[in-house]
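To start, the structure itself, in structure tokens.
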Amino acid sequence: MIKLRILFLPVFLLFLLCGCIQTLHNTPLSQDADFLPARTGDADSNERIEKVNPKEQKPSQVDNLPAENTIEAQTSIHNKKDTNKTAENSLPEKKIQPMFDEALDFCEASQDFWQKGELENALEALDHAYSLILKIDTDDTAELIQQKEDLRYLISKRILEIYASRNIVVNGNHNAIPMVMNKHIQNEIDRFTKKGEKKFFIEAYKRSGKYRPQIVPALKKAGLPVELSWLPLIESGFKVNALSRARALGLWQFIPSTGYKFGLKRNKYIDGRLDPVKSTKAAIEYLSELHHIFGDWTTVLAAYNCGEGRVLRVIRTQNINYLDNFWDLYERLPSETARYVPRFMATLHIVKNLERYGLDSVPVDKPLEYEIITVSKQVHLRNVAKTIGVTEQTLIKLNPELRYRILPQDNYPLRVPPDKGQILLAKLDEIPVSHPPQRAYVYHRVRPGESLSTISRRYRCSVRSIMRANNLRSSSFIVAGKKLKIPRKSTIVYRSKKYTGIEHRHASSHVVKSGDSLWIIAKRYGTTTKKIQELNNLSTTNLHIGQVLKIRKRKDDKPAGEYLKTYLVKPGDSPFQIAQFHKMPLERFMRINRLTPRNKIYPGQRLYVE
């Protein structure tokens with residue numbers, strides 16, 4: 001009982017104290033006082049507090065007036081107060097802008113300190129800038145709030161850059177790419193000059209002549225090392241249409257999201273990643289941004305390959321700041337990225353010593369020569385080539401970003417061979433308008449409560465055509481969340497037919513891989529183990545990796561029993577367009593339809609598609 005009393009007493013006192021604080025908070029200091037909350041740091045804050053004190057408050061003019069004039073006097077005083085408030089609201093805006101300007105000046109000073117290597121001074125300048133924006137009261141003004149947030153983001157980004165560069169101590173000139181030599185670089189040199197990648201290197205080196213004459217001046221103008229002009233040799237082999245497994249495309253291998261970030265547009269007509277001039281500009285901007293973060297070109301190259309986030313995470317995992325250069329990160333990066341930098345360094349060593357590596361006699365391609373004509377008509381490059389008397393392939397090489405070889409509707413800067421621009425402008429009206437191919441299908445994700453009938457009405461097609469396109473047996477059962485292929489108008493969908501495989505007349509060969517057996521190989525090629533043994537004079541069923549087996553009959557790689565659809569060829573169709581519509585490799589489409597590059601297809605012809 002005594003313990004309960006002892007426990008109850010402090011609880012009771014706590015509630016009593018909270019009640020007193022609440023009462024004081026809700027009770028005004030004076031019923032008649034004109035209370036204005038004073039701001040911290042105001043010069044007249046003491047005077048305002050004195051006015052609020054009811055003990056020292058003097059009678060106001062309102063108290064001395066007759067009763068009939070009291071209301072008018074009060075109205076006049078309130079009008080004066082409103083005017084004063086308006087003036088006070090506009091006054092901070094005049095005081096705030098100089099504070100923003102001062103904070104921005106400190107940010108610029110920090111950048112200067114950082115470029116000179118004075119990291120501590122750079123951080124102090126950013127700290128001072130941040131303390132300035134913390135003092136700014138935006139008063140819920142949208143423009144000031146946005147300006148404050150932008151400046152806060154800039155300061156945060158600069159701090160990240162400085163801390164990253166503190167972890168990477170760069171020796172020597174920041175603008176130089178160090179020409180080091182170690183076992184990793186020597187291995188890549190041997191691959192490029194003696195082993196399996198020699199042919200790749202020679203072909204890529206030849207193609208470099210087309211694009212380096214434009215890349216080198218752009219790098220010099222941006223203040224970047226000209227050695228970076230050899231980076232596309234590692235990225236794409238100087239192929240403008242190179243596509244990686246990660247969906248990176250073009251000379252500089254941009255993925256779509258990074259391309260958008262640096263201004264490479266991608267729409268129905270063009271993909272800026274394929275344009276060597278536009279992608280070079282984007283790559284220079286990206287490399288410059290990475291250099292501001294890391295300061296070391298070898299680390300920048302690693303970040304260009306696998307992303308700055310991955311490299312920063314590797315740096316942050318270190319317990320001490322001992323990372324002198326990229327080679328301290330080498331073992332901790334992905335294997336592809338770890339090889340990326342040595343391959344680039346090996347390329348620099350080779351191109352600077354071509355005679356030493358026996359490549360001084362390799363000729364390079366001539367640089368691209370063209371003039372630019374603005375065209376505002378949607379025409380096909382094939383028709384343009386006929387009009388100006390050049391081959392279509394010539395225009396494709398000059399304008400690789402055109403996805404369907406058709407110009408957009410708006411003004412488009414078309415590249416044509418020298419002295420052909422005026423001919424094109426003179427005959428532009430004679431060239432017919434072309435349209436890009438329409439997708440055969442659109443995709444619709446089923447929502448809860450939808451049925452095939454509601455979906456068909458929305459897309460103005462029949463329920464039966466949707467069922468055929470998606471191999472549905474029942475129109476009354478669809479699953480929410482599933483994607484359905486919806487055929488567009490003029491697309492005819494036929495019921496899938498069973499595909500039994502297409503036999504080749506001539507015998508082919510098979511290279512034994514890990515996991516292969518005679519039974520697996522025979523099943524794949526539509527033959528028997530006995531026939532394979534007889535054809536290859538095998539007394540047992542034992543195989544070894546790399547062994548080449550002769551196969552008498554070979555069926556298509558697609559296992560027998562899978563289903564293919566049939567497609568009715570429409571006017572204007574080509575094998576490439578049909579294969580692209582149905583997301584098939586062109587080689588596979590031509591193989592299952594027994595087509596060769598010289599074969600023609602005709603409207604009304606039925607072809608197999610997936």
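Keep in mind that this is a model prediction, so the values were computed, not measured.
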Taking atom types as modelled, find out whether Thr566 and Arg606 have a side-chain donor-acceptor pair closer than 3.5 angstrom.
no
Taking atom types as modelled, find out whether Tyr269 and Glu401 have a side-chain donor-acceptor pair closer than 3.5 angstrom.
no
Using only atom types and a distance under 3.5 Å, with no angle test, would you say the side chain of [X] pairs donor to acceptor with the backbone of [Y]?
X: Thr258; Y: Ile255; value: no
X: Lys485; Y: Tyr441; value: no
X: Ser236; Y: Pro232; value: yes
X: Ser208; Y: Arg212; value: no
X: His582; Y: Met584; value: no
X: His349; Y: Val180; value: yes
X: Gln253; Y: Gly250; value: yes
X: Arg343; Y: Phe192; value: no

So do the side chains of [X] and [Y] get within less than 4.5 Å of each other, counting heavy atoms only?
X: Ile486; Y: Arg458; value: no
X: Leu228; Y: Ile177; value: yes
X: Lys278; Y: Leu264; value: yes
X: Arg207; Y: Lys239; value: yes
X: Val240; Y: Leu274; value: no
X: Phe344; Y: Leu233; value: no
X: Leu407; Y: Leu381; value: yes
X: Asn399; Y: Tyr412; value: yes

Of Lys194, Lys183, Arg339, which meets salt bridge (charged side-chain N to carboxylate O under 4.0 Å, His left out) against Glu188?
Arg339
Worked verdict on Arg266 versus Asp271 for salt bridge (charged side-chain N to carboxylate O under 4.0 Å, His left out):
CA-CA 4 Å; Arg266 183 174 182 269; Asp271 191 335; 3.2 Å; yes
May I ask you to decide if the ring planes of Phe262 and Phe254 are parallel, tilted or perpendicular, using 30° and 60° as cut-offs?
tilted
For the residue pair His444 and Tyr459, categorise the inter-ring angle as parallel (less than 30°), tilted (30 to 60°) or perpendicular (more than 60°).
perpendicular
Have a look at Pro408 and tell me which of Val375, Asn267, Leu402 forms a side-chain contact (heavy atoms from CB on, under 4.5 Å) with it.
Leu402
Partner of Tyr205 under side-chain contact (heavy atoms from CB on, under 4.5 Å), picked from Thr347, Leu354, Asp365, Leu359, is Leu354
Nearest 0.5 Å please: distance from the [atom1] atom of [X] over to the [atom2] atom of [Y].
X: Leu424; Y: Ile388; atom1: CG; atom2: CD1; answer: 6.0 Å
X: Glu450; Y: Ile455; atom1: CD; atom2: CD1; answer: 4.5 Å
X: Ile270; Y: Asp275; atom1: CD1; atom2: CG; answer: 8.5 Å
X: Asn593; Y: Ile601; atom1: CG; atom2: CD1; answer: 9.0 Å
X: Ile185; Y: Ile350; atom1: CD1; atom2: CD1; answer: 11.0 Å
X: Phe576; Y: Leu586; atom1: CZ; atom2: CG; answer: 7.5 Å

Test log, rule salt bridge (charged side-chain N to carboxylate O under 4.0 Å, His left out), inputs Glu285 and Lys261
CA-CA 10 Å; Glu285 292 180 9; Lys261 180 181 177 182; over 6 Å; no
